[in-house]
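Position 1 is the first residue of the sequence; numbering continues from there. Just so it is clear, the model here is predicted, and its values are computed rather than measured.
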Amino acid sequence: MLMKRFSPKTKRGAVSLYIVIFATLLITVIALGFTRIMMNERRQVSDTDLSQTAYDSAMAGVEDAKLAVLRYNECLSTDSIYPSGSTTRTCADIISVMRTGQPAAGSLDPCDGVPYVLGRNFTTETPIDEGGFSGDATHAQTDQAYTCVRVRDDTIDFLSTLDAQTRSRIIPLRTGGRAFNQIRISWSRSRNNVSTTGLGSAALLGNPPVIFQTNWPSNAPPVLSASLIQSGSSFTLSQFETFSGSSTNRANMILVPVSSGGVNPISASATPSSTTPGGVVQTNDQITNSPFPINCTAPAGGDYACSVVINLPDPIGGSRTNMHDGTSFLILESIFPLDDAHDFQVRVEQNGNIIPLVGVQVAVDSTGRNSDMLRRIEGRIEVVDTAYPYPEWTVQLGGENNASFCKNFIVTVNNWITNHNVYNYTRCTTSSL
C-alpha cells in the first residue's frame with residue numbers, strides 16, 4: 001500500500017493561500033468600513049443641507065409675515081378699502097384674519113392666514129421658487145415651501161437685545177386695558193458670553209454709590225437704567241415732575257448686578273434708608289435716588305443671569321385699574337457701552353400672573369419644508385408706529401466738521417443777559433455756575 005506524501009513546497013503553497021484569503025477579507029472589511037463611513041457622511045451632509053434649506057423656507061414664511069403685518073398696520077391707520085399692493089383682499093378681511101384667524105366672511109385654515117393677506121391662492125403650503133416669479137425665464141421649481149405660518153399680536157413677553165448700536169429700547173406697556181402691578185426684567189444669557197465672575201456684593205456699592213466703567217468686570221451683565229412712564233386715564237404734564245405719597249407718573253431705577261445682598265422684589269413705595277435704596281416712587285426724587293443691587297448668578301442653559309420684579313405704584317390721580325394704555329412705557333438702557341449683545345426679557349404681571357402685551361410685538365410661528373425635512377422657528381416682529389415715533393434721546397448730534405453740543409449753566413437770583421437776551425455762544429468757552 002502506497003502512502004501519499006506532501007512536499008514542503010506544497011505546504012508552503014497552502015500557507016500562502018491562507019494569507020491571501022485573510023488579506024482579502026481584511027481589505028474587504030476595510031473597504032466596506034470606508035464605504036459605510038462615506039455613505040454616513042453623505043447622508044449627514046444631505047440631512048444638514050435639507051435642514052438648512054427647510055430653515056430657509058421657514059424664514060421665508062417670517063419675511064412674508066412681515067409684509068402681512070405691514071398691510072395690517074396700513075389698514076389700521078388709513079381708510080383705504082385695499083392696502084398698497086393688494087387688490088383682492090379688503091382691509092376688513094385683513095384685519096379680521098390678523099386678529100381672529102378668519103376673514104370677515106367665509107372660513108380659513110389658521111395656517112393660511114399670511115398667504116391669504118398677501119393675496120396668494122395657496123391652501124396647503126406656499127411653494128418657494130428660485131430665480132424669480134412663476135413664468136420667468138430664470139424661474140426654477142424647487143421642493144421647498146413653508147407649510148404653516150401663524151401670527152399673533154398678543155405675547156407673554158417682550159424679547160430683544162441691547163448692543164453697541166442699540167443701547168436703549170422703548171417698550172410700550174400696552175395690555176388692552178388689563179390691569180397689572182408688576183414688571184419682571186431679566187437680562188444676559190449664557191449665549192451672550194456673559195460671566196458673573198468678579199461681581200461684588202451690594203455692600204461694595206458705597207455711600208454715595210459710585211460705579212466706574214473701568215472697574216466693571218469683563219463680560220459681566222450690564223448695569224441697566226429702567227425708566228418708567230405711566231399715567232392715569234387723564235393727566236397733566238406737571239404730574240411727571242413730582243410724586244405724591246405712594247404715587248408717581250415717572251421713575252428711574254438703576255439696576256446694578258451683584259453677587260449677593262441684592263434687592264428683589266423692588267418695593268413700590270418703601271422709604272429709603274442708609275442700607276436700602278427705597279422704592280419706585282422715591283426714584284422720582286433725584287436727591288434720594290440710589291442704585292438697586294440685583295443678585296445675578298451664572299446662567300444655566302437658556303436662563304437669564306439677572307432677574308428682578310418691580311412692584312409698581314399707582315399713577316398720580318389714578319389707580320392701577322384705570323391706567324392709560326397709550327402712555328405707559330418702560331425704557332431700558334445700558335449705562336456702559338456694550339462689547340457684545342445682551343438678550344433681555346420684559347414681562348408685565350398682576351400679582352405674579354402674566355398679563356399679555358397687546359400690539360407691542362408680533363409673534364410668528366413658521367414651519368418650513370424641503371422634501372420631507374421640516375423646521376419650525378418662532379420669531380418676533382416689533383410693531384413700530386411710524387406716525388408716532390418714540391424719541392430715544394433729547395439731543396442727537398451728527399454730521400461733519402466735528403459737530404458738538406454746548407450748554408451754558410447759569411445759577412443766580414437775578415440773571416441778566418445783554419444783547420437782547422441773546423448769549424454769544426461762539427466757541428462755547430464760557431459758562432457760569
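- Of the N and O atoms on the side chains of Arg250 and Asn284, at least one donor lies less than 3.5 Å from an acceptor on the other residue.
- Under the 3.5 Å distance criterion, the side-chain polar atoms of Glu382 are left unmatched by any main-chain donor or acceptor of Leu159.
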Please test Arg178 against Val358 for side chain to side chain contact (heavy atoms under 4.5 Å, CB included), starting from the C-alpha separation and ending with a verdict. CA-CA 10 Å; Arg178 284 170 287 190; Val358 178; 3.3 Å; yes
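- Judged purely by atom type and a 3.5 angstrom limit, Asp325 uses its side chain to pair as donor or acceptor with the backbone of Thr175.
- Side-chain polar atoms of Arg375 and Ser51 form a donor-acceptor pair below 3.5 angstrom.
- Under a 3.5 Å cut-off, the side chain of Ser366 and the backbone N or O of Ala58 do form a donor-acceptor pair.
- Scanning for side-chain hydrogen bond (donor to acceptor under 3.5 Å, both in side chains) contacts around Arg369 gives Glu125, Asp143, with sequence neighbours left out.
- Every residue meeting the side-chain contact (heavy atoms from CB on, under 4.5 Å) condition with Asp49, not counting sequence neighbours, appears here in chain and number order: Thr53.
- Two residues are said to be in side-chain contact when any heavy atoms from C-beta on lie closer than 4.5 Å; Asp340 and Asn219 meet this criterion.
- Using modelled atom types, no side-chain atom of Gln282 and backbone atom of Asn289 make a donor-acceptor pair closer than 3.5 Å.
- Of the possible donor and acceptor atoms, one in the side chain of Arg174 sits under 3.5 Å from a partner among the backbone N and O of Gly359.
- Looking only at distances, no side-chain donor or acceptor of Arg320 sits under 3.5 Å from a matching main-chain atom of Ala179.
- In this structure a side-chain-to-backbone donor-acceptor pair under 3.5 Å is present from Asp93 to Ala104.
- Summarising the geometry of Met253 relative to Thr283, their closest heavy-atom pair is CG-CG2, 4.0 Å, with the distance given to 0.1 Å.
- By the 6.0 Å contact criterion, CG on Leu76 is enclosed, its count of non-hydrogen atoms from other residues, nucleotides or ligands being greater than 12.
- Checked by atom type, the side-chain pair Ser231/His324 shows no donor-acceptor distance below 3.5 Å.
- By the side-chain contact (heavy atoms from CB on, under 4.5 Å) test, Ile254 is found to be paired with Val223, Ser225, Asn252, Val256, Pro291, Ile335, residues two or more places apart in sequence or in another chain being considered.
- Taking Ala363 as the reference, Arg152, Thr155, Glu378, Arg380 meet the side-chain contact (heavy atoms from CB on, under 4.5 Å) condition, with sequence neighbours excluded.
- Within the model, atoms CG of Leu357 and CZ of Phe180 stand 8.0 Å from one another, a figure rounded to the nearest 0.5 Å.
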Would Arg191 and Asp343 count as a salt bridge (charged side-chain N to carboxylate O under 4.0 Å, His left out) here? Give the steps. CA-CA 9 Å; Arg191 71 175 186 177; Asp343 298 335; 2.7 Å; yes
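- A ring-centre distance under 6.0 Å is not found for Phe344 and Tyr304.
- Under the 3.5 Å distance criterion, with hydrogens and angles disregarded, a donor-acceptor pair is assigned to the side chains of Ser186 and Ser307.
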Do Asp153 and Met98 pass the side chain to side chain contact (heavy atoms under 4.5 Å, CB included) test, and can you show the C-alpha distance, the side-chain angles, and the key distance before you say yes or no? CA-CA 8 Å; Asp153 66 351; Met98 295 296 286; over 6 Å; no
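- Remark: the backbone N or O of Val346 is not paired with any side-chain donor or acceptor of Arg184 at under 3.5 angstrom.
- Ion pairing between a basic and an acidic side chain is recognised when a charged N comes within 4.0 Å of a carboxylate O; Asp365 and Arg376 show such pairing.
- Without hydrogens or angle criteria, Asn295 side chain to Gly262 main chain gives a donor-acceptor distance under 3.5 Å.
- Between atom CD1 of residue Ile331 and atom CD1 of residue Ile229 there is a gap of 4.0 Å, rounded to the nearest 0.5 Å.
- Asn370 and Gln144 are not linked by any side-chain donor-acceptor pair at a separation below 3.5 angstrom, with hydrogens and angles left out of the test.
- Between the CG atom of Leu330 and the CD1 atom of Ile170 there is a distance of 10.0 Å, given to the nearest 0.5 Å.
- Not counting sequence neighbours, Tyr55 has no partner by the ring pair (Phe, Tyr, Trp, His ring centres under 6.0 Å) test.
- For Tyr72, the ring pair (Phe, Tyr, Trp, His ring centres under 6.0 Å) test picks out no residue, with sequence neighbours left out.
- For the atom pair Leu173 CG and Phe158 CZ, the distance stands at 10.0 Å (nearest 0.5 Å).
- Between Lys66 and the options Val114, Ile381, Val362, a side chain to side chain contact (heavy atoms under 4.5 Å, CB included) holds for only Ile381.
- Here the straight-line distance linking atom OG of Ser96 with atom CZ of Arg89 works out to 12.5 Å at 0.5 Å rounding.
- For the residue pair Gln182/Asn311, the side-chain donor-acceptor check at 3.5 Å is satisfied.
- Formation of a donor-acceptor pair under 3.5 Å by the Gln102 side chain with backbone atoms of Pro110 is not found in this model.
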Apply side chain to side chain contact (heavy atoms under 4.5 Å, CB included) to residues Ile266 and Val280 and explain how you reach the verdict. CA-CA 7 Å; Ile266 295 177; Val280 176; 4.0 Å; yes
Apply side chain to side chain contact (heavy atoms under 4.5 Å, CB included) to the pair Ile171 and Phe329, showing each step before the final yes or no. CA-CA 6 Å; Ile171 307 163; Phe329 300 91; over 6 Å; no
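- The OG1 atom of Thr166 sits 13.0 Å away from atom CG of Leu332, with the distance rounded to the nearest 0.5 Å.
- Checked for salt-bridge contact, Glu74 and Arg71 miss the test: no charged N lies under 4.0 Å from a carboxylate O.
- With no hydrogens or angles considered, no side-chain donor-acceptor pair links Arg167 and Ser334 at under 3.5 Å.
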